[in-house]
Amino acid sequence: MDKKELASFLEEIATLLELQGENPFKCNAYRAAAQTIETLDRNLEGFQTVEDFARLKGIGKSLAEKILVILQTGTLPLYQELKQRIPSGLVEMLRIAGMGPKRVRTVYEKLGIISLGELEYACRENRLLELPGFGVKIQENTLKGIEYLKKAQGRFHLHKALAAAHRLQEDLAKLPQVDRIETAGSIRRFKETVKDIDLLITTAKPATVMNAFTSHPLVESIIAHGETKSSVRLTMGINVDLRVVTKKEFPFALLYFTGSREHNIVLRGRAQKQGYKLNEYGLFKRQSTKSLDLKSEEEIYKALGLSYIPPELREDQGEIQAAEQGSLPQLVTLKDLRGSFHIHTTSSDGAATIKEFAAYAQKQGLEYLGISDHSRSAFYANGLSTEKILKQHREIDALNKSLKGFHIFKGIESDILPDGSLDYPEDILALFDFVIISVHSKFKMTKEEMTKRIIKAMENPHTTMLGHPTGRLLLAREAYEVDMEAIIQAAAQHGIIIELNANPFRLDLDWRYIKKALDKGVLISINPDAHSLKDMKFAELGVGLARKGWCEPRHVLNSHSASDVKKIFGKIHTS
DNA sequence: GCCGTTTTCGGCCCGACTGTTTTCAGTCG
């Protein structure tokens, strides 16, 4: 059992305990332990004894003993009992908005309901009305929530949420009553998928602004409409919270509602230790009701003895310690990008020619491009035959002669065949400046087989870069089973670059692994995986996710100059 | 169940909103 599996096991116990009506702080202890385990910066192999685990934050003797049992036996008597006692449908019911552990418990105990289907039926039969603390509204909302769950998974791709947030922000900013508006929450932190949109506003006329918000054309229905907080659902299905705060409160509210929750908890704990209370309204000296007068997030961090932490890093992944020591990274920005790799042209399944991509890239101020069409096994994508490769190379040679101050690298996205070999013989692979290797078939191998397959391909002397390393399609397809730690280790060993595929449905390598890759000295390439000119814009998302993974310009292949890139490629292929 | 410079008991981040009540429980972020 690895970290992730152990963490979700503990997480599940926490949920089951809640459903059983346990002391909430006890439940929380299991949650906190899960968080600690999941974000551990090393694997579990070094942990042999109770003491090893009990040294960790939020894990005491009791939990350490249980964790050891879980690792040794794959399960826990407590878990078995909980599973036996608590129907699995109750866990599903928690996903309904407005249904927490208490209400789920009530419908289970009083009505014997153990599944979403039964709950829906009970709502339609008006049976929730009889329950203590339930009424017409809760019954209606439960029904709506069930329908919503059926329709969407309740999470949204970052780029779609970003677009909606920008539109709302722009429109509301036009109101003369609005002094300041910002998007907070997980969008500001650049999470790859988000649950909702959080907007913050300062205004002297909250009622007017709230009315404008709830009647915006994107709004489908109003969930809550208050003085300081309103919530709506947009036609695209996402919920939006709007909060009104005073000008003085704004930086504190922005910090608070940007999160993450884990980051906030640590900040609050830190404030407490320094004799302060920190909340969304201010930073207060203990016993005082008047907040320190701080004008920006920068000043709040400074007051707590920290340098400014960019929103993307606020995930309690060591950023607070780094801010304390002044060792936060100087994060990469869009302006740092000087070129772009992983581009598909009309030769395979792209919608633009090399010439068109080159012209577009030059206009965007880029200095180079790396073309990489699909390889011959990718029949579905019109993969390139040897003849087509040679023709493409002649075209690139001619373009490179005619283009001034711009360079096109010859590349290919070679399928990693099931046995770990690449898609062309040695002499063909040797013709490319760079070779991206990607898995496009046989996703259902075992973890061991898949890891072996990819590492074998990485060991090929012609391999330059690993493409979309986990194969995930966000909200659609799980990542294939693969030991990412081992892949990163192999990349470090063979000098292989790992792609951060910036396509909004991929955003793969996952940011949680990017930092680990950097720590091992692996270079990251922010690649649009462009199939059309407009896809080149994905680089913006890619930069956001790279920042989330602690990338500085020096960590990013395509922030280097064309001549440096040539040197880097040369070094990879001769080592 | 964890934790400790207010330490071995008694807290645990904390405030807004809804819907149910008639002062508050539950949920959410």
Side-chain angles (χ1 to χ4, degrees), chain A residues 10 13-14 17-18 21-36 53-67 78 93-107 128-142 144-145 154 184-189 191 194-200 206 210 222-232 239-245 249 252-253 255-284 286-287 316:
Chain A
L10 292 170
I13 293 175
L17 287 172
E18 274 178 343
E22 262 299 346
N23 171 3
F25 296 108
K26 181 170 167 180
C27 305
N28 217 5
Y30 280 84
R31 279 243 147 75
Q35 163 83 6
T36 297
F53 280 107
R55 266 195 284 275
L56 296 171
K57 178 180 76 174
I59 297 177
K61 187 159 170 284
S62 167
L63 265 171
E65 280 170 357
K66 291 193 171 80
I67 287 172
L78 168 68
M93 286 182 215
L94 286 174
R95 290 164 55 215
I96 303 167
M99 285 294 267
K102 297 272 171 59
R103 288 183 186 147
V104 169
R105 224 166 101 83
T106 304
V107 298
L128 263 56
L129 300 182
E130 346 163 339
L131 301 175
F134 284 65
V136 178
K137 281 290 178 82
I138 287 181
Q139 179 168 280
E140 274 175 15
N141 287 339
T142 304
K144 270 192 213 164
S186 48
I187 294 184
R188 186 161 179 248
R189 299 200 318 277
K191 277 291 286 289
V194 302
K195 202 158 94 19
D196 56 16
I197 298 173
D198 288 294
L199 297 175
L200 275 185
M210 285 300 190
I222 301 168
I223 299 162
H225 190 141
E227 265 287 298
T228 61
K229 184 192 164 184
S230 292
S231 299
V232 299
N239 288 355
V240 188
D241 291 341
L242 175 73
R243 290 181 174 83
V244 169
V245 299
E249 291 162 353
F252 301 98
L255 180 68
Y256 180 86
F257 289 112
T258 296
S260 66
R261 184 179 308 181
E262 291 74 20
H263 181 88
N264 285 349
I265 287 173
V266 178
L267 273 190
R268 284 183 171 215
R270 187 180 172 88
Q272 247 180 11
K273 271 195 196 124
Q274 298 179 358
Y276 293 112
K277 183 180 80 165
L278 177 65
N279 61 24
E280 59 264 53
Y281 301 110
L283 181 64
F284 305 88
R286 196 161 289 152
Q287 313 298 348
D316 190 22

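Each chain gets a letter, A, B and so on, in the order its sequence line appears, and its residues count up from 1.
Of all nucleotides listed (B:dC14, B:dC17, B:dG15), B:dG15 comes nearest to the side chain of A:Tyr281. Distance from the side chain of A:Phe25 is smallest for B:dG1 among the nucleotides B:dG29, B:dG1, B:dC13. If you check B:dC2, B:dG19, B:dT27 against the side chain of A:Arg103, the one that comes closest is B:dT27.
Put simply, the side chain of A:Arg268 does not reach to within 4.5 Å of the side chain of A:Gln272, judged on heavy atoms.
As judged by a 4.0 angstrom heavy-atom cut-off over every strand, A:Lys273 is placed among residues making no nucleic acid contact. A:Asn28 comes within 4.0 angstrom of no nucleic acid atom, judged by non-hydrogen atoms across all strands. Among the heavy atoms of the strands, none lies under 4.0 Å from A:Pro24.
Of the possible polar contacts, none joining the A:Arg31 side chain to the A:Ala14 backbone as a donor-acceptor pair under 3.5 Å is found.
Taking atom CG of A:Asn264 as the reference point, atom C1' of B:dC14 lies 11 Å away to the nearest angstrom. A:Leu200 places its CG atom 14 Å from the C1' atom of B:dA16, with the value rounded to the nearest Å. Atom-to-atom, CZ of A:Arg261 to C1' of B:dC13 comes out at 10 Å; the value is rounded to the nearest Å. At whole-Å resolution of the value, OH in A:Tyr256 and C1' in B:dA16 are 10 Å apart.
Between B:dT23 and B:dT18, the distance separating the two C1' atoms is 15 Å to the nearest Å. Using atom P as the reference point in both B:dT21 and B:dA25, the two lie 13 Å apart (nearest Å).
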